Amino acid sequence: MSGDHGERDSQVNSGSRANDTHKHKDKHKEHRRKEHKKDKERDKAKHSNSEHREHSEKKHRDKEKERVKHSDGSVDRHREKQKEKDKEKRREEKVKSSHVEGKPKKEKENGHAREMWNSPSPPAIKSEPEEDNGLYPSPKHNKTLKRERDEEEFEYKPKKIKTENGKKAKKRKQEYEDEEEDIKPKKKTKDKKAGADGKKAKKETEEKWKWWEEERSTDGSKWKFLEHKGPVLAPPYEPLPGHVRFFYDGKLLRLSAPAEEVATFFAKMLDHEYTTKEMFRKNFYKDWRKEMTSEEKSKITDINKCNFTEMSEYFKAQSEARKQMSKDEKLKIKEENERILQEYGFCVMDNHKERIGNFRIEPPGLFRGRGDHPKMGMLKRRIRPEDIIINCSKDSKHPKPPQGTRWKEVRHDNKVTWLVSWTENIQGSIKYIMLNPSSRIKGEKDWQKYETARRLKKCVERLRAQYREDWKSKEMRVRQRAVALYFIDKLALRAGNEKEEGETADTVGCCSLRVEHIKLYPKMDDQEYVVEFDFLGKDSIRYYNKMPVEKRVFKNLQLFLENKQPEDDLFDRLNTSILNKHLQELMDGLTAKVFRTYNASITLQQQLKELTSPDESIPAKILSYNRANRAVAILCNHQRANKSLLSTCTEMYIFALINDLCGVLRMVEVKRKAVQRIEEQLMKLQMQATDREENKQIALGTSKLNYLDPRISVAWVKKWDVPMEKIYNKTQREKFAWAIDMAEEDYEF
DNA sequence: AGATGTACTTAGTATGTGGGAG
DNA sequence: CTCCCACATACTAAGTACATCT
């Protein structure tokens, strides 16, 4: 039990989505608690999204807080906790469940010693600008000289000049891994160009702008120049053809266009489970009424008497028809989409044409919250130009609002990265249009994130020693902080910000865990001090895990639980802001989420080392890679919807077949080549089958995209000569272009 | 010191698509 | 050549973090 965090033990997941089965009401408890709980009912009743859409109403929070102050910090567990959160709601729905157990995964972290420090800022050299797209002005350069740059591109000066050259590249590279290594010409691009002379045509793809070889801005500005065409608005509503009817209480009823539109939103979802949920229907109905004429309002008084089936059938037929369209009709549509993409899908940011992530404004519809969301079914209203804020350079060509309309505002804020924003009416939160992950602005940030995680790697043992020490603190808040941090580190829990009650599904993260989410077992089977976690996390995905902890942690937990009710906070003296403040003091830039990134990446690296066998085939290596990736996904609890075991039989059959073939192959041994080829195919099949099986519940994409330092994968691919496409698809290769370009096979996270 | 607002990352699901099996 | 399925992409909800306000 030294401070090393040797293993990630028994991570067990059951894939069930929260709102399926496990909730029970516990009225009694509810009552009991109510008595001494402050009444913090805020009247959130008023939500008029009907009134002029001009106001997106902000949430009403009039929580009255009442705090009992405790001054000191000794272990005063008798006090009522001060954090006031209303728990009425949760008292109602208790999530109880039976769990399915998965198998424990183990992995250990390795603490590599040697790590050179890398400052997060990119190297000094700028490379040549990208290809010019003809749409926008953009300086063209000849890319051959990557090194020299004209300053014209940026008015801010690169501060760092790359000085070096003499060094032995090989050695150095490692030491300066990310930052400086680009000094040496990338063989890739260089070599490539040789072929370019001919009809290679791919020129443009080959000459991608390498922003990672340029300086980063240091003044806090995100860009110097930004020009774009604005968003693509949702198309206006097209009324249904006359033959599609709506019936109320068995009788035909013609709806006004606004009421009809909202009705179609519901009709389109008729096959979805959502529409059977009381909350969904109730919210929908309430908002729908706001769109009705007064006559409609008086006629339609019960949603259960509404018959949307003709509408529903109509949409199904439409979508069927769409599928049956002829080739060129489809082509036409495709071309039109492409045209829109070309027109609206790109912007110019600092002399480079960059892809925009989401350039379409979200169309109106019914809100689909995840889990047990109190607002499911509410009308998400149509966004008009008057709701939209445009952000661009003052000296750019501003996007034009449609004829006869105007934008809410046009601003020029280069301290932010978004191009367009609007306020959404369900939660009153702001939505943005931002750049694609392949863009410089996203890529730099991503790179930086991994650099922060690597810095954590260098001091993580120190921090672990520290929080272990803090378990003994005489201040309750320090102990809580230390135990929470231990969970975050060891189990990769999310920080757990506080949420507004009643606005969202009841989910938690580490700091917001409640008493009811953990169970303590002094003894369980052959283990001691076992903590069982069972709660709904982000997206209402269930987290279920049993973990043996050290005695001291266990005792602390017992202490935290004393005199508390199930719906009380486990860590009543802690929140994410306190925790992050503390982390900040321990390491610059450190926040709770860095632990997830760090643990995910180090686990991948470590698992790859462990699982890859030098002489296995490429498909087998890929399987090893996916298994390493899977270990991370399990750690992070990334689940996929449970798709029943429909294909078990098929799988069995495949395996049987494979086995037979193996036997045959062994005996035959005819032509080496042929055998090898077949073996490879076989292997591939086998690997894929295995992979598929193992993947039923776990989604690898999320961790690959968000938590795993891509340089680890790139290094692995290069080391074992695995084709990059086997690991990263096109989109991913674009997002991780920086890593693919800069990481060599000896990269160490 | 909490509440509030903003910006940006992380997340699962719905939808589209293309390539292989039948 | 069609159909299906797996994968890719589109979409947008739901988190984290932090600045600023009160």
Side-chain angles (χ1 to χ4, degrees), chain A residues 17 58-67 69 82-84 222 268-269 272 319 322-324 330 333-334 337 341 357-363 365 367-371 373 375-376 380 389 391 413 415-418 421 423-424 426-437 441-442 445-446 449 494-500 503-505 507-512 536-541 575-581 583-584 589-594 596-597 600 633 636-641 643 646-647 650 688 691-692 695 699-703 705-707 728-732:
Chain A
R17 178 67 36 117
K58 256 26 256 217
K59 11 305 215 42
H60 326 300
R61 354 190 172 216
D62 37 281
K63 239 180 210 131
E64 34 211 326
K65 302 256 101 132
E66 73 112 294
R67 311 261 78 133
K69 254 18 216 187
Q82 49 262 89
K83 288 147 85 160
E84 250 346 299
K222 304 293 174 62
K268 283 176 181 168
M269 295 177 71
H272 204 289
S319 104
R322 221 170 303 123
K323 275 184 225 156
Q324 303 305 326
K330 281 184 176 167
I333 290 174
K334 201 168 167 185
N337 283 338
L341 172 68
N358 55 326
F359 53 88
R360 289 173 204 274
I361 294 286
E362 296 175 15
F367 177 75
R368 300 151 91 111
R370 317 243 171 102
H373 198 115
K375 300 195 171 188
M376 64 171 74
K380 197 166 92 157
I389 301 174
N391 191 32
D413 181 358
K415 300 288 190 270
V416 298
T417 66
W418 54 267
S421 76
T423 300
E424 153 269 335
I426 305 289
Q427 321 271 0
S429 63
I430 306 172
K431 300 269 194 161
Y432 303 93
I433 288 181
M434 292 181 186
L435 299 192
N436 194 79
I441 210 155
K442 293 290 188 191
K445 203 78 186 297
D446 205 37
K449 173 181 78 187
R494 295 188 184 80
N497 281 327
E498 284 150 283
K499 309 170 66 183
E500 232 186 322
E503 298 288 301
T504 61
T507 61
V508 299
C510 186
C511 295
S512 49
L536 299 183
K538 184 177 180 178
D539 294 311
S540 291
I541 297 292
N575 62 36
T576 54
S577 142
I578 293 168
L579 179 64
N580 281 336
K581 205 163 291 170
L583 293 175
Q584 198 61 244
L590 186 61
T591 61
K593 85 199 228 347
V594 178
R596 285 194 117 210
T597 311
C636 294
N637 201 39
H638 291 141
Q639 303 201 6
R640 83 168 60 247
K643 299 203 156 132
L646 35 84
S647 60
T650 324
Q688 285 171 352
D691 220 31
R692 212 168 28 246
N695 247 355
L700 303 189
T702 303
S703 50
L705 233 46
N706 299 303
Y707 290 106
Y728 288 137
N729 67 28
K730 181 159 152 305
T731 312
Q732 294 168 155

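No experiment lies behind these values; they were computed from the predicted model shown. Residue numbers start from 1 in every chain, and the chains themselves are labelled A, B, ... in the order their sequence lines are given, proteins ahead of strands.
Here Asn358(A) does not reach the OP1 or OP2 of dC11(C): none of its side-chain N or O atoms lies under 4.0 Å away. In this structure, Tyr707(A) reaches the dA11(B) phosphate: one of its side-chain N or O atoms is under 4.0 Å from OP1 or OP2. In this model, the phosphate group of dA13(C) is approached by a side-chain N or O of Lys380(A) to a distance below 4.0 Å at OP1 or OP2. An OP1 or OP2 oxygen of dT9(B) is reached within less than 4.0 angstrom by no side-chain nitrogen or oxygen of Lys449(A). Between Lys323(A) and dT17(B) there is no side-chain N or O to OP1 or OP2 distance below 4.0 Å. For dA11(B), the OP1/OP2 oxygens have no side-chain nitrogen or oxygen of Thr702(A) closer than 4.0 Å. Listed pair Lys730(A) / dA8(C) fails the phosphate criterion, with no side-chain N or O lying under 4.0 Å from OP1 or OP2. Between Arg494(A) and dA11(B), a side-chain N or O to OP1/OP2 separation shorter than 4.0 Å is present. Residue Thr591(A) has no polar side-chain atom (N or O) positioned under 4.0 Å from OP1 or OP2 of dT16(C). OP1 or OP2 of dA17(C) has not a single side-chain nitrogen or oxygen of Arg596(A) nearer than 4.0 Å. For dA14(C), neither phosphate oxygen OP1 nor OP2 lies less than 4.0 angstrom from any side-chain nitrogen or oxygen of Lys593(A).
Within 4.0 Å of Ser421(A), counting heavy atoms only, lies no atom of the nucleic acid at all. Among the protein residues, Ala592(A) comes within range of the sugar-phosphate backbone only, with heavy atoms under 4.0 Å from sugar or phosphate atoms but none that close to a base. In this structure, Gly509(A) reaches neither bases nor backbone, as no heavy-atom distance under 4.0 Å exists between it and the strands shown. Nucleic acid contact for Gly701(A): none, since no nucleic acid atom lies under 4.0 Å from a heavy atom of the residue.
Between His373(A) and Phe367(A), the ring planes lie perpendicular to each other; the angle is over 60°, past the 30° to 60° tilted range.
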List the steps and the verdict of side-chain contact (heavy atoms from CB on, under 4.5 Å) for Met269(A) and Arg368(A). CA-CA 10 Å; Met269(A) 295 177 71; Arg368(A) 300 151 91 111; 3.4 Å; yes
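Of the residues near DNA chain C, Gln732(A) and Thr507(A), the one whose nearest nucleotide (by heavy atom distance) lies more toward the 5' end is Gln732(A). Comparing Tyr432(A) and Ile578(A) against DNA chain B, the residue whose closest nucleotide sits nearer the 5' end is Ile578(A). Between Thr597(A) and Arg368(A), the one whose closest nucleotide on DNA chain B sits nearer the 5' end is Thr597(A). Across the interface with DNA chain C, nearest-nucleotide mapping of Gln584(A) and Asn729(A) shows Asn729(A) to be the residue nearer the 5′ end.
Proximity note for Asn580(A) (side chain, C-beta onward) versus dC18(C), dA11(B), dA13(C): the nearest is dC18(C). The side chain of Trp418(A) approaches dA7(B) more closely than any other nucleotide in the set dA11(B), dT9(B), dA7(B). Of all nucleotides listed (dA11(B), dC11(C), dT9(B)), dA11(B) comes nearest to the side chain of His638(A). The side chain of His272(A) has dA14(B) as its nearest neighbour among dT9(B), dA14(B), dA13(C). Across dA13(C), dT16(C), dC8(B), the shortest atom-to-atom separation from the side chain of Ala495(A) is found for dT16(C). Side-chain atoms of Pro363(A) lie closest to dT12(C) of the nucleotides dT12(C), dT9(B), dA11(B).
Here dT16(C) presents its P atom at 17 Å from NZ of Lys581(A), a figure rounded to the nearest Å. Taking atom CG on Leu700(A) and atom P on dA6(C), their separation rounds to 15 Å, with Å as the unit. The NZ-P distance, from Lys538(A) to dA17(C), rounds to 11 Å in whole Å. As a whole-Å value, the separation of Arg370(A) CZ from dT12(C) P is 11 Å. Rounded to an integer number of Å, the gap from Lys330(A) NZ to dT17(B) C1' is 9 Å. Atom P of nucleotide dT9(B) and atom CG of Asp446(A) are separated by 8 Å, given to the nearest angstrom. Going from atom CG of Leu705(A) over to atom P of dA11(B) covers 10 Å, rounded to whole Å. The separation between Ile430(A) atom CD1 and dG5(B) atom P is 9 Å, rounded to whole Å.
With no hydrogens or angles considered, no side-chain donor-acceptor pair links Thr507(A) and Lys538(A) at under 3.5 Å. Side-chain N/O atoms of Asn497(A) and Thr576(A) include a donor and acceptor closer than 3.5 Å. Side-chain contact of Thr417(A) with Lys222(A): a donor-acceptor pair under 3.5 Å is absent, judged by distance alone.
Residue Lys431(A) places no side-chain atom within donor-acceptor reach of the base of dT12(C), judged by atom type and a 3.5 Å distance cut-off alone.
Within a 6.0 Å radius of NZ in Lys334(A), no more than 12 heavy atoms belonging to other residues, nucleotides or ligands are found.
Side-chain atoms of Asn575(A) do not come within 3.5 Å of backbone N or O of Cys511(A) as any donor-acceptor pair. A donor-acceptor pair under 3.5 Å is absent between the side-chain atoms of Asp539(A) and the main chain of Ile541(A), judged by distance alone.
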